[in-house]
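Reviewing the structure listed below.
Values below: all heavy atoms of this structure, side chains included; hydrogens, waters and symmetry mates excluded.
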Amino acid sequence: MTEQPAPAEHVRQQLEPAAADAVRAYAARTRANADQLAAVLEDIAENGLPSVEACTPWEELRETHLARLAKQRPAVA
């Protein structure tokens with residue numbers, strides 16, 4: 001295939017440097033999260049599911065996450 005320049009109406013708009021850095025940081029976080037999920041799934045495939053006793057109930061995980069979110073937001077008067 002030959003590489004041809006894009007037609008003028010399809011020229012991409014460049015991001016500001018700060019915006020490009022933010023997109024790269026988001027991509028890195030997303031990639032890290034995907035790698036972490038893949039590692040967990042590979043562990044499950046290799047070793048099976050963990051015992052119920054070794055797991056944290058979802059209600060506890062939810063409450064921990066909600067508390068973390070509440071700390072990030074200022075209180076509304």
> At what distance, to the nearest 0.5 angstrom, does CZ of R68 lie from NE2 of H65?
Replying inline: 6.0 Å
> Are V40 and L49 grouped together when hydrophobic residues (ILVMFWY) are joined by side-chain heavy atoms under 4.5 angstrom apart?
Replying inline: yes
>> Give me each pair satisfying side chain to side chain donor-acceptor pair (under 3.5 Å) with a member in residues 11-24, each pair once, sequence neighbours excluded.
In response: D21-R24
>> Does anything in residues 25-43 form a side chain to side chain donor-acceptor pair (under 3.5 Å)? List the pairs, not counting sequence neighbours.
In response: D43-N47
